[in-house]
Amino acid sequence: MFDVERVREDFPILSSEVHGRPLVYFDNSATSQKPRCVIEAVTDLYTNHNSNIHRGVHELSGRCSAAYEDARSKVRGFINAPRDEEVIFTRGTTESINLVAQSFASAYLERGDEVIVTDMEHHSNIVPWQMACERSGASLRSMPFDDDGNLETHLLEEMLNPRTRMVAVSHVSNVLGTVNPVKDIASLAHEHDVPLLVDAAQSAPHMKVDVQDIDCDFLAFSGHKVHAETGIGVLYGKSEWLEDMPPYQGGGGMVGIVKMGGTTYAEPPLKFEAGTPNYVGAVSLSAALDYIASLGMENVAKHEAVLTEHMLESLAGFEGLTLYGNAPLRCPVFSFNLDGIHHYDAGQILDKMGIAVRTGTHCAEPLMDHYGITGNVRASLAMYNTVEEIDILAEGLRKVQGLFA
Ligand code: PMP
């Protein structure tokens with residue numbers, strides 16, 4: 001069903017060499033590689049159709065406008081949102097969360113209110129909330145996790161109270177790979193009439209994400225992590241919130257009537273899409289989602305489960321290696337340290353072998369504080385990675401240890 005060698009042929013960069021060695025690309029949580037069909041969709045748009053959208057009467061503008069709105073429908077299908085109007089295009093996960101933190105917070109967050117995040121969040125699901133709390137006089141609370149990387153969700157019941165205005169949680173940790181129980185969190189939050197925002201940056205590339213099944217109020221993800229271009233992202237929001245929330249930015253495209261005495265706003269989603277949107281990015285996202293659909297997300301997930309099992313077997317028996325996170329439900333993201341070897345040194349030596357991993361805090365400093373470390377090495381896999389590449393990494397890690405012995 002899923003032929004990984006054929007899939008690899010769709011990604012031109014995967015046949016390249018780095019430092020004279022075949023590229024082993026294990027930095028997919030940072031950004032994933034692009035299949036030829038995505039690259040070609042962008043080239044085709046610029047070669048044959050390019051024009052700004054929503055403002056022109058001419059043929060090219062009509063084509064690009066239609067392609068942009070088609071992309072919105074495709075995203076709706078990808079996350080099973082009830083309505084196209086609930087899909088807002090943004091620059092990425094970061095902008096999607098900032099949009100909610102600014103717009104939602106300016107309408108609903110007051111002095112004494114509370115927002116709940118978790119200790120395993122990416123900075124982009126912490127800092128916008130800190131800023132919103134600073135502006136409003138609200139306070140930020142955080143749900144801890146255990147050493148295996150499981151959220152202590154039993155504590156959420158005690159944390160939720162009449163002053164809680166928002167719960168914001170990552171679907172999948174970008175460091176530990178943990179798949180968080182967002183559906184349970186949504187129902188707990190809703191029992192207290194509190195909305196849930198899900199950061200799906202690391203789940204969208206690996207599993208079926210269904211906003212109706214989760215019953216989240218907001219969900220954010222980035223195009224560049226699901227094999228589309230950079231600079232395009234998505235915010236899903238339930239209509240009842242989007243209609244009530246004030247605009248995030250002002251400018252062209254988000255207005256009804258503009259007079260010097262005052263302005264009326266367009267309906268969602270356009271209310272939240274001020275200025276020329278990234279219609280080229282949206283077209284690339286559309287092509288990427290078609291590509292994933294052609295493989296079947298279930299087949300991608302099955303292949304990645306095999307990779308996960310192999311990686312865990314490989315790392316579990318590895319002497320002198322500490323693996324962070326051991327959640328029962330996980331995506332193929334693995335972070336670790338080698339005893340006595342700085343993560344940065346390990347990463348640099350692996351790079352010389354053509355193996356691309358990421359080192360540092362991965363924009364998750366509170367998570368690093370939990371383990372009392374300054375950073376680690378992260379190998380994050382995608383649908384086109386192979387069992388052989390995992391063996392190359394293991395061999396590379398043994399060489400790193402040898403050099404420091
Ligand atoms: N949340 C998580 C869990 C992430 O992994 C990332 C990207 N590393 C982001 C948010 C931010 O995504 P972007 O930089 O594409 O806005």
Side-chain angles (χ1 to χ4, degrees), residues 25-34 38 75 79 88-102 117-131 142-143 145 149 151 166-182 185 196-207 209 214 216 218-236 248 272 278 281-282 284-285 288 324-325 327 329-335 356-368 370 375-382:
Y25 188 75
F26 279 169
D27 195 16
N28 293 284
S29 289
T31 199
S32 61
Q33 300 300 349
K34 318 304 169 200
V38 167
V75 171
I79 57 173
I88 299 164
F89 283 120
T90 64
R91 209 158 50 80
T93 307
T94 302
E95 188 175 47
S96 298
I97 298 173
N98 273 277
L99 190 163
V100 182
Q102 289 195 30
V117 295
T118 84
D119 284 350
M120 67 165 75
E121 296 310 305
H122 187 279
H123 296 165
S124 60
N125 201 24
I126 300 175
V127 183
W129 297 112
Q130 287 175 330
M131 292 162 67
S142 188
M143 200 191 329
F145 61 90
L151 279 180
M166 174 67 78
V167 176
V169 175
S170 53
H171 197 176
V172 169
S173 160
N174 68 315
V175 180
L176 308 170
T178 309
V179 180
N180 288 320
V182 284
I185 294 173
L196 171 72
L197 178 144
V198 173
D199 172 352
Q202 298 296 343
S203 54
H206 301 294
M207 61 172 79
V209 171
I214 298 170
C216 51
F218 300 97
L219 181 133
F221 73 96
S222 298
H224 70 99
K225 297 188 202 278
V226 292
H227 312 287
E229 280 196 314
T230 50
I232 185 74
V234 169
L235 173 67
Y236 158 78
Y248 163 57
F272 298 101
N278 185 359
S284 83
L285 181 55
Y324 301 97
L329 261 183
R330 64 181 301 156
C331 283
V333 179
F334 309 88
S335 55
V357 293
R358 191 149 290 245
T359 62
T361 65
H362 319 301
C363 295
E365 284 184 33
L367 185 152
M368 297 295 150
H370 173 101
N376 61 25
V377 180
R378 180 182 70 186
S380 55
L381 279 57

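Just so you know, ligand 1 is whichever comes first in the structure, and atom 1 is the first atom listed for that ligand.
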Note the single closest protein heavy atom to atom 5 (O) of ligand 1, along with its residue, its atom name and the distance in Å.
Gln202 NE2, 2.6 Å

Main chain of Asn376, side chain of Ser335: is a donor-acceptor contact present, judged purely on distance under 3.5 Å?
no

Arg358 atom CZ: more than 12 heavy-atom contacts under 6.0 Å
no

Taking atom 6 (C) of ligand 1 as the point of reference, which of His123, His224, His122, His362 owns the nearest heavy atom?
His122

Distance filter under 4.0 Å to Ser222 heavy atoms, resulting ligand 1 atoms:
12 (O), 13 (P), 15 (O), 16 (O)

When distances are taken from atom 3 (C) of ligand 1, the protein heavy atom at minimum range is Asp199 OD2, 3.4 Å

Spatial distance of atom CD1 (Ile97) from atom CD (Glu95) [nearest 0.5 Å]
11.5 Å

Is it true that a side-chain atom of Arg378 and a backbone atom of Val333 form a donor plus acceptor pair closer than 3.5 Å?
no

Do me a favour and list the nearest non-hydrogen protein atom to atom 16 (O) of ligand 1 with residue, atom name and distance?
Thr94 OG1, 2.6 Å

For ligand 1, is Cys363 a contact, meaning one of its heavy atoms is under 4.0 Å away?
no

Can you tell me which residue and heavy atom of the protein come closest to atom 10 (C) of ligand 1, and the distance to 0.1 Å?
Ser124 OG, 3.0 Å

Candidates Asp199, Thr93, Thr94, Thr90 - the one meeting side chain to side chain donor-acceptor pair (under 3.5 Å) with Ser222
Thr93

Nearest heavy-atom pair of Ala200 and Pro205: which atoms, and what distance?
O-CD, 4.4 Å

How does Lys225 reach ligand 1, by side chain, by backbone, by both or by neither, if only non-hydrogen atoms under 4.0 Å count?
side chain

Using heavy atoms and a 4.0 Å limit, tell me yes or no: is Glu121 in contact with ligand 1?
no

If you compare all heavy atoms of Ile232 against all heavy atoms of Ser284, which two are closest, and at what distance to 0.1 Å?
CG2-OG, 4.5 Å

Mind checking whether Ser170 contacts ligand 1 via backbone (N, CA, C, O), side chain (CB onward), both or neither, at a 4.0 Å heavy-atom cut-off?
neither

